[in-house]
Amino acid sequence: MPPRIVDVLVPVALDQAYSYRVPDGLGLEPGDVVSVPLGAREYTGVVWGEGNPRPGLHNRLKDVDGKLDVPPLKSELRGFVDWLSNYTLTSRGTVLRMTLRMGEHLGPGRERVGVRKAGPAPARMTAARARVMRLFGDGLVRLKGEAAHDAGVSPGVIDGLIDEGTLETVVLPPEPVAKPPDPDFRKPDFSLGQLAAADALRTTVAQGGFTTTLLDGVTGSGKTEVYFEAVAEAIRRKRQSLILMPEIALTGQFLDRFAQRFGTRPAEWHSQVSPRKRARTWSAVAANEVQVVVGARSALFLPYADLGLIVVDEEHDQAYKQEDGAHYHARDMAVVRGTMAKIPVVLASATPSVESVVNARRGRYRHLHLPERFGGQYLPSVEAIDLRREGPMRGRFIAPRLAEAVKVALERKEQALLFLNRRGFAPLTLCRSCGHRLQCPNCDSWLVDHRFKRRLVCHLCGFSTPPPQECPKCHAAESFVAVGPGVERLEQEAAELFPDSRILVLSSDLVESVERLRAELDDVAQGRFDIVIGTQLVAKGHHFPKLNLVGIVDADLGLGNGDPRASERTFQLLHQVVGRAGRSEGFGQGFLQTHQPDHPVMKALISGNREAFYDSEIELRERTHYPPFGRLAALVVSAGERHAAESYGRGLARIAPHDEQVRVLGPAEAPIAVMRGRHRFRLLVKSPRNYDLSAYVRDWLAAAPKAKGTLQVEVDIDPQSFF
Ligand code: ADP
Ligand code: ZN
């Protein structure tokens with residue numbers, strides 16, 4: 001009998017699975033995780049299916065080297081990999097890599113050594129030894145390090161007692177990744193509105209099956225408490241839950257809230273988790289030893305043994321879109337995964353995406369609404385400061401009216417948040433003598449002055465350089481001026497205006513570690529700062545009880561850059577930021593410094609009429625056939641040479657398959673024309689809503705000449721950004 005052959009998918013940028021011989025005696029099933037040779041290397045891959053035995057083939061095949069001792073990837077997850085690869089035009093191997101992101105550490109967890117009392121007291125007694133003996137008098141097993149710490153002795157003292165036979169070592173099983181959460185640990189007293197939503201979610205989970213629910217509640221309405229009831233129901237039914245969060249770094253508060261509700265913290269999954277911990281979490285999730293995972297978008301690719309619920313918190317957040325490697329949107333893929341697993345999906349937001357609002361209005365999603373803040377707090381009142389009439393003096397960025405409001409807040413011992421979505425000191429540095437602008441050598445962008453770090457930095461490629469002594473063009477000395485504000489410059493101004501206040505700048509480039517950031521956010525929540533100056537890092541999810549005033553320093557910043565989603569994004573971001581105010585007691589107040597107080601976004605924020613904003617935005621999208629009323633795909637052609645990128649882009653446009661329903665626009669030079677030394681051109685493809693745009697682009701690219709040299713074509717189905 002010829003040997004059995006299996007097809008193994010390997011986590012490298014290849015679409016196809018490779019065939020391998022199965023050595024005698026090795027039982028393999030689809031989904032098994034195996035190690036196989038490929039080229040000169042050994043890879044961890046996954047059996048994707050039976051191979052095709054063809055005459056003579058098996059002689060040329062290599063053997064599977066072995067099977068790893070982990071549960072197989074279920075067909076549900078393999079189907080998800082195939083689907084996502086097909087939809088996003090990403091090679092299957094690349095997508096598989098996202099499911100195997102547990103590093104080289106896969107395998108059983110590290111064993112730990114415990115110590116307990118075994119024999120009589122030692123012949124030679126010392127004070128240190130006596131303390132250890134007292135500690136172990138209770139007969140319990142302790143970790144060696146912990147015992148040394150608790151007895152206040154060095155580990156050597158414990159070792160000595162082990163050598164003498166007074167203590168003995170015992171091997172302990174690895175620490176569990178997460179303790180089982182208790183669904184009834186502490187149930188909150190819900191308001192009537194919350195109760196109705198919580199009941200609806202509980203029923204949805206109890207009934208099972210695929211549904212999508214939009215949990216749409218104003219900031220501070222208690223969405224988290226409400227969807228925790230769905231999680232509790234899944235735990236009672238012994239099924240796993242996934243809670244996706246946009247910026248996992250910001251969830252210190254969230255993990256504590258989870259622990260208050262369920263008695264223990266959930267398992268975490270994000271890039272800051274150590275490789276070893278990740279490997280153990282991966283195995284524990286596959287073995288059904290973890291009930292709830294809280295994670296960043298990559299947690300979608302974990303091998304859940306029995307996933308019963310997915311919650312996507314802050315579902316509108318653009319951090320859910322991955323923009324390199326596989327271009328996928330984690331919210332949309334959560335819904336896909338929910339369909340495949342036949343389980344409920346809950347999307348939560350105070351400012352849902354236009355897509356989700358349309359789906360809810362059309363009845364494709366269930367809609368749960370929480371229109372009020374919990375505890376009777378009012379939503380903040382918002383007013384505009386018209387920078388054309390009452391702006392600050394030249395070189396200043398805080399208008400007198402906002403400064404006055406901050407002063408009043410400080411007198412009341414409340415906090416103020418000044419929001420400016422711009423890192424660094426100033427976005428542009430200019431030579432006063434010749435007008436020369438300091439620019440990135442690799443990108444079509446200015447260098448941003450980061451004074452805290454004493455560097456000029458490119459925000460596109462990360463290039464950085466110390467500030468030059470003289471102008472590189474006219475050689476004038478000390479001729480540079482900073483143009484425009486960043487958070488660091490705002491701090492300078494705030495320190496001058498409010499000399500006695502304690503000011504904290506929060507910006508992603510100043511974050512040294514997740515722990516540090518969590519500690520700083522906690523300091524703010526505890527009232528250890530008076531003024532917080534922050535970028536979008538502070539926009540999301542935080543609960544700062546003493547914060548009642550939010551000033552948006554440049555409300556126009558995200559508008560008018562030609563991005564079709566600019567209005568939606570600006571509305572969401574500013575609404576979220578203003579929503580940090582007035583959550584606990586007193587009255588929240590928001591100020592928008594703007595040059596366009598009549599812009600629909602500003603008007604919606606000021607009037608608090610959210611639906612009016614959605615109405616006008618939806619009407620616009622429908623008229624222009626933009627998503628969700630039509631579909632888009634973007635192709636970005638880039639190359640080291642401008643001409644190469646442009647002519648390849650032109651060639652692509654020429655050979656685009658003809659289809660009445662599809663329009664191909666471009667190539668046009670990208671808004672960021674040069675990035676990381678690559679010249680960029682964009683093509684935009686538009687189709688009706690129910691059209692298979694992935695298939696269209698696939699056929700198109702299959703007929704295109706091979707991209708040679710430095711040429712690269714990036715495909716982005718359902719693009720979110722247009723730079
Ligand atoms: P959202 O996510 O909608 O902005 P949160 O879930 O963060 O709102 O809730 C806002 C605050 O109100 C939190 O501090 C939360 O603990 C509290 N809260 C909400 N609902 C309740 C409740 N039923 N009982 C007690 N506290 C609640
Ligand atoms: Zn650059």
Side-chain angles (χ1 to χ4, degrees), residues 383-432 438 446-457 467 478-511 520-521 523-524 527-539 544 546-557 574 577-578 580-581 589-595:
E383 51 192 287
I385 293 177
D386 187 342
L387 291 176
R388 295 166 308 184
R389 293 191 295 107
E390 45 171 338
M393 357 180 262
R394 238 180 112 77
R396 298 280 163 160
F397 305 96
I398 301 173
R401 191 141 63 91
L402 177 55
E404 185 55 34
V406 173
K407 197 168 140 247
V408 171
L410 297 180
E411 282 164 8
R412 285 200 200 122
K413 307 274 178 244
E414 293 174 358
Q415 288 170 318
L417 168 66
L418 297 177
F419 177 80
L420 177 62
N421 204 12
R422 222 190 232 145
R423 294 176 278 138
F425 184 85
L428 169 63
T429 303
L430 181 89
C431 172
R432 209 185 287 123
L438 293 178
W446 298 329
L447 291 175
V448 179
D449 182 358
H450 281 251
R451 287 222 180 149
F452 291 5
K453 292 189 181 143
R454 303 188 52 76
R455 312 275 304 174
L456 295 168
V457 182
E478 314 216 336
S479 66
F480 290 116
V481 278
V483 181
V487 282
E488 296 177 11
R489 191 170 194 176
L490 217 50
E491 190 210 23
Q492 216 173 54
E493 189 173 334
E496 284 169 26
L497 286 169
F498 316 105
D500 300 325
S501 59
R502 297 163 298 174
I503 304 176
L504 176 69
V505 179
L506 283 173
S507 164
S508 58
D509 58 301
L510 302 173
V511 172
E520 285 180 335
L521 292 170
D523 283 342
V524 178
R528 287 193 271 270
F529 288 97
D530 307 309
I531 300 177
V532 179
I533 298 177
T535 62
Q536 61 181 4
L537 193 64
V538 298
F544 301 135
K546 291 200 165 57
L547 179 69
N548 280 347
L549 174 69
V550 172
I552 310 285
V553 173
D554 184 353
D556 309 332
L557 194 57
L574 299 188
V577 179
V578 171
R580 296 308 106 210
Q589 210 183 1
F591 286 94
L592 307 172
Q593 298 197 149
T594 174
H595 286 95

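Only this structure's heavy atoms are used, side chains among them; waters, hydrogens and symmetry mates stay out. Residue numbers run from 1 in the order of the sequence given.
- Counting heavy atoms from C-beta outward, Arg432 and Phe480 have side chains that stay 4.5 Å or more apart.
- The minimum heavy-atom distance linking Val448 with Gly424 is given by the pair CG1-CA, 4.3 Å.
- Side-chain contact between Leu521 and Leu506 is present, with at least one heavy-atom pair separated by less than 4.5 Å.
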>> As a quick check of understanding, evaluate side chain to side chain contact (heavy atoms under 4.5 Å, CB included) for Leu418 and Leu402, giving each step before the final call.
In response: CA-CA 10 Å; Leu418 297 177; Leu402 177 55; 4.0 Å; yes
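- Between the side chain of Glu414 and the main chain of Leu549, no donor-acceptor pair closer than 3.5 Å is present.
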> side chain to side chain contact (heavy atoms under 4.5 Å, CB included) between Phe498 and Val406: does it pass, once the steps are laid out?
Replying inline: CA-CA 9 Å; Phe498 316 105; Val406 173; 3.5 Å; yes
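- Side chains of Ile503 and Ile533 form a contact here, defined as non-hydrogen atoms less than 4.5 Å apart.
- Taking CZ of Arg502 as the start and CG of Asp523 as the end, the distance is 10.0 Å to the nearest 0.5 Å.
- Of all the heavy atoms in Ser508 and Leu537, the pair that sits closest is N-CD2, 3.8 Å.
- Proximity of a side-chain donor or acceptor of Asp556 to a complementary backbone N or O of Thr594 within less than 3.5 Å is not detected.
- Within the 4.5 Å cutoff, no side-chain heavy atoms of Val524 are placed close to those of Leu547.
- Classification of Arg451 and Glu491 as a salt-bridged pair fails, no side-chain N sitting under 4.0 Å from a carboxylate O.
- Contact between Ala399 and Ile385 at its shortest, heavy atoms only, is CB-CG2, 3.8 Å.
- The shortest distance between side-chain heavy atoms of Lys453 and Asp509 falls below 4.5 Å.
- Residues Ile398 and Pro392 have side chains not in contact (no heavy-atom distance under 4.5 Å, counting atoms from C-beta outward).
- Val505 places a side-chain heavy atom less than 4.5 Å from the side chain of Leu510.
- The backbone N or O of Phe397 sits less than 3.5 Å from a side-chain atom of Gln593, completing a donor-acceptor pair.
- At least one donor-acceptor pair under 3.5 Å links the side chain of Arg489 to the backbone N or O of Ala482.
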>> One pair to check against side chain to side chain contact (heavy atoms under 4.5 Å, CB included): Val577 and Asn421. What are the steps and the verdict?
In response: CA-CA 11 Å; Val577 179; Asn421 204 12; over 6 Å; no
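- Checked by atom type and distance alone, the side chain of Glu390 never pairs as donor or acceptor with a backbone atom of Arg401 at under 3.5 Å.
- A distance-only check finds a donor-acceptor pair linking the side chain of Gln415 to the backbone of Phe529 [under 3.5 Å].
- Side-chain contact between Pro485 and Asp554: absent, with no pair of heavy atoms (C-beta onward) separated by less than 4.5 Å.
- Under a 3.5 Å cut-off, the side chain of Arg580 and the backbone N or O of Ala539 do form a donor-acceptor pair.
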